[in-house]
Amino acid sequence: MLFETFRLALLTVARNKLRSFLTVLGIVIGVASVIAMVTVGQGSTAAVQSDVASLGSNLLMLRPGQPGRGPGGGQNDATPLSAADAEALLAEIPDLVAVTPVATRTQNVVYGDVTQTVTVSGTDNAYFPVRGWTLSQGRMFTEQELRAGTPVCVLGTTTAKALIGEGNPVGIQIRVGKITCEVVGMLTRREASTFGQDDNDTVIMPLTAFQRRISGNRNVSSISVTFADGLAAEAVTPKIQALMRERRGLTDDKADDFNVFDMKQISSMLTGITGTLTGLLSAVAGISLLVGGIGIMNIMLVSVTERTREIGIRMAIGATEGQVLMQFLVEAVVLSLIGGFLGVVLGLGLGWAGSVALDVGFAPDWRVTVAAFVFSALVGVVFGYFPARRAARLDPIEALRHQ
Amino acid sequence: MSMIEFHAISKTYGSGEAEVRALDQVDFAVEQGDFIAVMGPSGSGKSTTMNIIGCLDTPSSGQYLLMGQEVGGLDRDQRALLRRNFLGFIFQGFNLLSRTTALENVELPLVYQGVAPDERRARALEALDKVGLGSRAEHQPSMLSGGQQQRVAIARAIVTRPQLILADEPTGNLDSARSREIMELLRQLNRDEGMTVLMVTHEPDMAAYATRVATFVDGRLQSDVRQDAV
Ligand SMILES: Nc1ncnc2c1ncn2[C@@H]1O[C@H](COP(=O)(O)OP(=O)(O)OP(=O)(O)O)[C@@H](O)[C@H]1O
Ligand SMILES: [Mg+2]
């Protein structure tokens with residue numbers, strides 16, 4: 001009997017394809033947005049968390065520019081930083097364990113007939129431990145290379161793969177911008193991306209070589225600093241600020257023209273934002289499910305009115321109240337399940353597209369998918385109940401006389 | 001024991017000034033095997049009587065026994081079960097489900113009885129054969145003439161082999177040739193299948209097929225006579 005009821009409901013739904021589709025659109029959008037949100041949200045949360053994990057611990061970053069701008073902003077008329085600033089920080093603040101100046105520029109890197117556009121960093125050997133990198137091939141830079149500005153470089157795995165495919169790039173000569181550079185090492189791959197950029201797509205060379213042959217000036221973009229274990233970022237930051245104000249000759253009436261970023265704090269803030277966004281958008285999705293449910297209720301009420309005579313006939317023939325109730329309830333549930341199914345498919349598709357676009361790894365949550373499906377069935381039951389009960393309570397004579 | 005007994009059945013609609021007495025203290029009995037034509041002017045209470053007998057409506061007062069069972073005390077579902085198992089309805093407007101084949105229409109009462117699909121189909125086809133529409137099983141009502149639709153409706157009414165057929169103006173929408181076909185069919189069901197038939201009609205020609213004619217006037221049973229059917 002129940003199977004019969006389901007078959008009948010499917011037939012009725014199939015008979016009015018366009019209307020059924022419009023009816024379930026609310027559910028489709030609700031379920032699709034929940035699933036897309038959660039999928040992208042979890043993907044990016046995972047990405048941010050692995051960023052946090054990959055950053056060396058106790059990391060601060062110093063950049064020129066007015067405070068209050070994000071880590072990407074701040075390239076303005078403020079005095080640039082220099083390698084000397086990095087040396088002074090290490091020499092004068094005992095809390096600091098390692099300090100590394102980093103200058104970056106995007107360059108075309110060429111090997112054979114392959115060209116890859118890569119962020120090239122000029123820095124020193126402290127860069128590797130401070131940024132949490134280890135080498136899988138070759139070596140870091142020698143004192144001699146750092147001092148003389150020899151054109152040598154270390155490649156990230158993504159860059160290496162783009163240039164030579166699988167294998168060991170050490171020993172090859174590549175072109176970086178206008179100079180020829182010998183590859184001396186390769187980083188160990190890590191699954192991380194910073195704000196959507198693959199960390200493994202990178203070329204690292206001695207700062208002196210970078211400044212002389214690529215940037216043509218003695219500026220550095222940022223200085224990364226690690227401080228000793230057991231200290232808090234809040235305690236170390238003022239010392240850096242004080243020293244930098246002194247070095248940049250800022251009088252008391254002038255504001256800082258540089259920023260000290262606590263990278264961990266930024267990352268965890270980003271995670272928080274992602275979480276809040278997911279929550280917020282899930283709430284929106286919940287509301288659209290509710291609206292979808294009301295849509296189903298509306299169309300079921302219309303359907304009950306339209307089919308009043310049919311209901312009367314069924315009752316005259318011997319349908320009980322429960323059987324009529326069941327018929328309309330199952331119809332509402334079939335509608336909402338179809339909506340839920342379409343929503344799941346669409347949501348996973350959107351989630352996948354979003355993950356690819358944001359480069360954060362496709363992380364579908366099967367519990368959420370199942371829950372969304374169950375929830376949409378529940379919407380059918382809850383919002384289908386009232387119209388179904390109205391159908392079941394019809395007076396058979398009135399119903400038969402209808403129209 | 002009569003199949004149907006009305007003891008002082010009254011039915012009123014509305015109240016106070018607007019009160020309408022559709023049935024007024026009616027005593028009436030239907031015996032097993034009767035073929036009764038119910039006649040009377042418009043508004044005399046014929047349909048009201050049929051609805052009460054068909055357990056679709058309840059009397060305002062009086063006692064109604066269906067096969068010895070008091071119907072007054074039954075709830076909606078119990079009355080639905082009585083309809084399902086003992087009664088078959090034929091309406092003036094046919095009342096077939098649209099966009100549903102003749103076969104599915106005829107199967108419907110068996111679906112509610114919980115009969116298995118194979119048996120259901122066989123019995124529905126048998127009923128359609130009986131009304132001469134075995135070849136139209138897959139046709140939808142919109143593809144059938146009025147007379148054919150009414151025969152499908154008769155097949156649907158008899159597929160559960162009910163004791164009593166209730167027909168409210170079954171030929172009201174048909175021309176006289178089609179009407180006679182329907183009457184022949186009802187008479188055949190009455191004679192050969194032993195079904196009791198209760199039929200409302202305005203037309204003396206149709207009433208002539210019955211073995212008994214009950215005439216209502218103003219909510220009262222004015223006359224109730226046995227006759228030799230044509
Ligand atoms: N639901 C109702 N509400 C109010 N009055 C009603 C209702 N149903 C029937 N009546 C009244 O009850 C009386 C009997 O109606 P009924 O339908 O039984 O007449 P009938 O003999 O079948 O007439 P017809 O030959 O026109 O079909 C009529 O006066 C009618 O107006
Ligand atoms: Mg009538």
Side-chain angles (χ1 to χ4, degrees), chain A residues 1-20 299-300 302-331 334-335 388-403, chain B residues 11 13 22 47-48 50-52 54-58 74-101 104-117 120 140-141 152-153 155-160 162 166-168:
Chain A
M1 187 70 206
L2 194 65
F3 170 76
E4 199 73 35
T5 315
F6 264 99
R7 198 183 64 94
L8 187 74
L10 270 174
L11 276 176
T12 312
V13 168
R15 222 169 252 166
N16 292 304
K17 282 191 190 66
L18 180 64
R19 182 206 273 194
S20 302
I299 220 68
M300 289 309 294
V302 170
S303 172
V304 168
T305 307
E306 279 181 354
R307 288 154 68 191
T308 298
R309 202 182 172 82
E310 174 193 328
I311 296 164
I313 295 168
R314 289 177 183 277
M315 285 175 161
I317 280 169
T320 56
E321 267 186 54
Q323 286 169 327
V324 174
L325 184 99
M326 217 40 180
Q327 183 191 338
F328 282 87
L329 203 55
V330 166
E331 215 171 294
V334 164
L335 270 178
R389 203 190 58 165
R390 172 175 279 199
R393 294 278 174 85
L394 282 175
D395 175 35
I397 299 171
E398 297 283 327
L400 278 169
R401 206 181 280 147
H402 194 258
Q403 286 162 21
Chain B
K11 177 73 183 180
Y13 292 104
S47 292
T48 306
M50 296 295 271
N51 289 340
I52 291 175
C55 303
L56 290 166
D57 206 350
T58 48
L74 302 180
D75 64 21
R76 275 174 64 119
D77 279 352
Q78 289 170 318
R79 282 187 273 130
L81 292 182
L82 279 183
R83 290 198 292 275
R84 179 189 297 177
N85 295 318
F86 297 113
L87 305 177
F89 288 88
I90 303 167
F91 306 91
Q92 178 177 355
F94 319 138
N95 276 342
L96 299 176
L97 297 189
S98 58
R99 293 197 279 186
T100 306
T101 64
E104 287 169 330
N105 265 291
V106 177
E107 280 187 53
L108 201 57
L110 299 177
V111 171
Y112 287 116
Q113 281 190 341
V115 175
R120 210 160 68 199
Q140 298 190 356
V152 173
R156 182 181 65 187
I158 63 173
V159 75
T160 57
L166 295 169
D168 198 343

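Remember, predicted model here, so these are calculated numbers, not experimental data. Naming convention: chains lettered A, B, ... in sequence-line order (proteins, then strands); numbering from 1 in each chain.
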Value for OG1 (A/Thr320) from CZ (B/Arg83), rounded to nearest 0.5 Å, stands at 10.0 Å
Heavy atoms of B/Ala80 and A/Ala319 approach each other most closely as CB-O, 3.7 Å
Residues at least two apart in sequence or cross-chain that pass side chain to side chain contact (heavy atoms under 4.5 Å, CB included) with A/Glu398, listed by chain then number, are A/Asp395, A/Arg401
Between A/Gln323 and B/Arg84, the two heavy atoms sitting closest are OE1-NH2, 2.6 Å
One should read off an interatomic distance between B/Thr48 OG1 and A/Ile397 CD1, to the nearest 0.5 angstrom, of 8.0 Å
Whatever's closer than 4.5 Å to a heavy atom in chain B on A/Ala399 counts as neither
- Does the side chain of A/Glu310 come within less than 4.5 Å of B/Thr100's, by heavy atoms? no
Distance col, row B/Arg120:CZ vs A/Glu4:CD, nearest 0.5 angstrom, shows 4.0 Å
So CD1 of A/Ile313 and CG of B/Leu108: to nearest 0.5 Å the spacing works out to 9.0 Å
Solution key, residues 88-99 of chain B side-chain donor-acceptor pairs under 3.5 Å, sequence neighbours excluded:
{"unit_1": "B/Gln92", "atom_1": "NE2", "unit_2": "B/Asn173", "atom_2": "OD1", "d": "3.1"}
{"unit_1": "B/Asn95", "atom_1": "OD1", "unit_2": "A/Arg309", "atom_2": "NE", "d": "2.9"}
{"unit_1": "B/Asn95", "atom_1": "OD1", "unit_2": "A/Arg309", "atom_2": "NH2", "d": "2.7"}

Closest non-hydrogen contact found for B/Tyr112 with A/Gly318 is CB-O, 4.4 Å
Taking every heavy atom of A/Arg393 against every heavy atom of B/Arg76, the minimum-distance pair comes out as O-NH1, 3.4 Å
